[in-house]
Amino acid sequence: ALATVVAEHYARGDWRGVEEARRAVLYLVTAAVITTAGLIWILAGPISRHVLTDDRTLASLMALPLALIASSYGAVLRGYFHGLQDFGASAVSQVLEQTARIATVLTLAALLLPSGLQMAAAGAMLGVASGEAAGLTYLYWLYRRRAKKAQAWPFRRHPAWNAPRGLLRTAGRLLRLAFPLMIGGLAASLTATFDVVVIPRRLQAAGLSWEEATIIYGQITGMALPVLFLPMVAVYSLTTAITPAVAGAYAVGDASRLKGHLRLGTRLTLAISAAAALLFAAAPEPLARLLYGTADVAPLIAVLAVAAPCTYLQYLFSSTLIGLGQTAVERNYLTGLALRFILVYALTGAEGFGASGPLWAIAASQGLMAIMHALSLRHVTGRMPRP
């Protein structure tokens with residue numbers, strides 16, 4: 001939402017509007033962080049016992065808010081820079097974040113492993129927090145450097161802040177854009193929890209032991225799905241760039257530029273999808289051996305040939321709708337998630353599907369969302385997105 005609003009004001013040359021949007025989001029995110037971190041700390045015990053059904057997750061849950069705080073403020077600055085179509089800042093911060101994360105996760109997990117698996121997992125979570133903090137530190141340094149040049153230090157009073165009505169109006173606009181996205185984010189979190197609870201149990205119901213079901217769940221979520229999202233490195237770059245680009249074009253009424261962005265993004269995404277689908281279908285076993293040293297997950301990777309185009313196009317179209325300020329994206333998203341819940345339960349462990357059932361469910365739900373997003377785009381732009 002911040003990237004969209006910043007891009008709109010920036011396209012019109014309204015720097016005051018840009019700063020108002022950043023300031024409003026800062027207040028909103030601070031309130032959300034305080035509330036969410038407090039709830040996590042209060043409810044960590046019941047969640048570990050009754051939702052995750054493993055007391056060993058308690059230490060990791062207690063460390064989670066530290067990562068939440070850093071990632072939330074980092075997201076504010078990333079949205080700000082994305083709206084200005086400065087993607088270099090975000091790219092450098094993410095490189096720093098991942099570098100710090102990998103180093104500290106491995107170090108803390110190794111140091112704390114003698115104290116027990118639960119402490120090693122908590123150390124890994126602290127490593128995630130350190131990575132987020134590294135990215136945030138760079139973004140804040142860059143913002144201060146640029147703000148100083150513009151004589152508008154962060155948190156210093158600005159003429160825009162002397163008009164609370166303008167700030168409140170901006171906050172209201174951001175909330176209207178963000179609320180459906182927050183609902184979608186909550187639904188995604190519930191989906192992850194649903195998978196943790198349902199998939200192993202459905203595999204058990206199909207005749208597997210708890211240990212076998214847990215291993216297969218790990219293969220699905222920790223081995224197959226990361227392969228699906230490897231090409232997302234390229235797709236994510238496209239979706240990150242297209243949101244402020246179409247927002248700016250839409251804000252100034254430049255239909256030709258808007259449709260040009262959409263055509264180019266669709267062509268590039270289709271090219272990435274075709275290459276990924278061909279690799280997943282033609283060489284699942286060599287790919288599995290290359291990445292994991294075993295061919296056990298090759299049948300799961302083969303299913304990704306269907307899931308890949310659906311997933312990548314869904315990301316592109318949803319990012320475009322967000323850039324256009326269309327909240328229909330969340331209606332489409334929730335519809336796809338409802339289908340995913342039903343199919344994950346029905347197909348996991350079912351005859352003919354077995355362990356690959358959840359991946360077929362993901363492919364179907366992503367395909368439905370991509371189609372619904374495309375129809376929504378057709379309604380907004382007057383044409384179906386196509387190369």
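The structure displayed is predicted, hence computed values, not measured ones.
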- [ ] Could you list the residues that satisfy side chain to side chain donor-acceptor pair (under 3.5 Å) with Glu8, not counting sequence neighbours?
- [x]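 Glu8: side chain to side chain donor-acceptor pair (under 3.5 Å) contacts with Arg173.
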Please report the interatomic distance [atom1]([X]) to [atom2]([Y]), rounded to the nearest 0.5 Å.
| X | Y | atom1 | atom2 | value |
| --- | --- | --- | --- | --- |
| Arg49 | Thr57 | CZ | OG1 | 10.0 Å |
| Ser318 | Gln366 | OG | CD | 9.0 Å |
| Leu339 | Leu334 | CG | CG | 13.0 Å |
| Leu300 | Phe280 | CG | CZ | 12.5 Å |

Are any of the side-chain heavy atoms of [X] and [Y] separated by less than 4.5 Å?
| X | Y | result |
| --- | --- | --- |
| Thr239 | Phe317 | no |
| Leu139 | Val92 | no |
| Gln219 | Asp296 | yes |
| Arg78 | Ser93 | yes |
| Thr4 | Leu324 | no |
| Phe81 | Leu142 | yes |
| Tyr315 | Thr269 | no |
| Thr243 | Thr320 | no |

Open item on the list: Given Tyr80, which partner from the list Tyr140, Tyr10, Tyr143 fulfils the ring-ring contact (aromatic ring centres under 6.0 Å, His included) test?
Closed with: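 Going through Tyr140, Tyr10, Tyr143 one by one, the ring-ring contact (aromatic ring centres under 6.0 Å, His included) with Tyr80 is satisfied by Tyr143 alone.
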Would you call [X]-[Y] a salt bridge at under 4.0 Å N-O?
| X | Y | answer |
| --- | --- | --- |
| Asp195 | Arg340 | yes |
| Arg169 | Glu20 | no |
| Arg23 | Glu19 | no |

Task: side-chain hydrogen bond (donor to acceptor under 3.5 Å, both in side chains) pairs, two or more places apart, involving residues 355-365 - done: none
Open item on the list: Using every non-hydrogen atom in the two residues, find where Leu112 and Gly123 come nearest and quote the distance to one decimal.
Closed with: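 Shortest heavy-atom contact: CD1-CA, 3.7 Å.
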Open item on the list: Assigning hydrophobic clusters by single linkage (Ile, Leu, Val, Met, Phe, Trp, Tyr; side-chain heavy-atom cutoff under 4.5 Å), is Tyr73 placed with Leu84?
Closed with: yes
- [ ] Say whether Leu316 and Leu228 are linked into one hydrophobic cluster, either directly or through other cluster members, by side-chain heavy-atom distances under 4.5 angstrom.
- [x] no
Open item on the list: Are more than 12 heavy atoms, taken from residues, nucleotides or ligands other than Tyr345, located less than 6.0 Å from that residue's OH atom?
Closed with: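 Not buried by this count: 12 neighbours or fewer within 6.0 Å.
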- [ ] Evaluate the criterion ring pair (Phe, Tyr, Trp, His ring centres under 6.0 Å) for residue pair Phe194 and Phe341; output intermediate values, then yes/no.
- [x] CA-CA 8 Å; Phe194 177 85; Phe341 285 143; 4.7 Å; yes
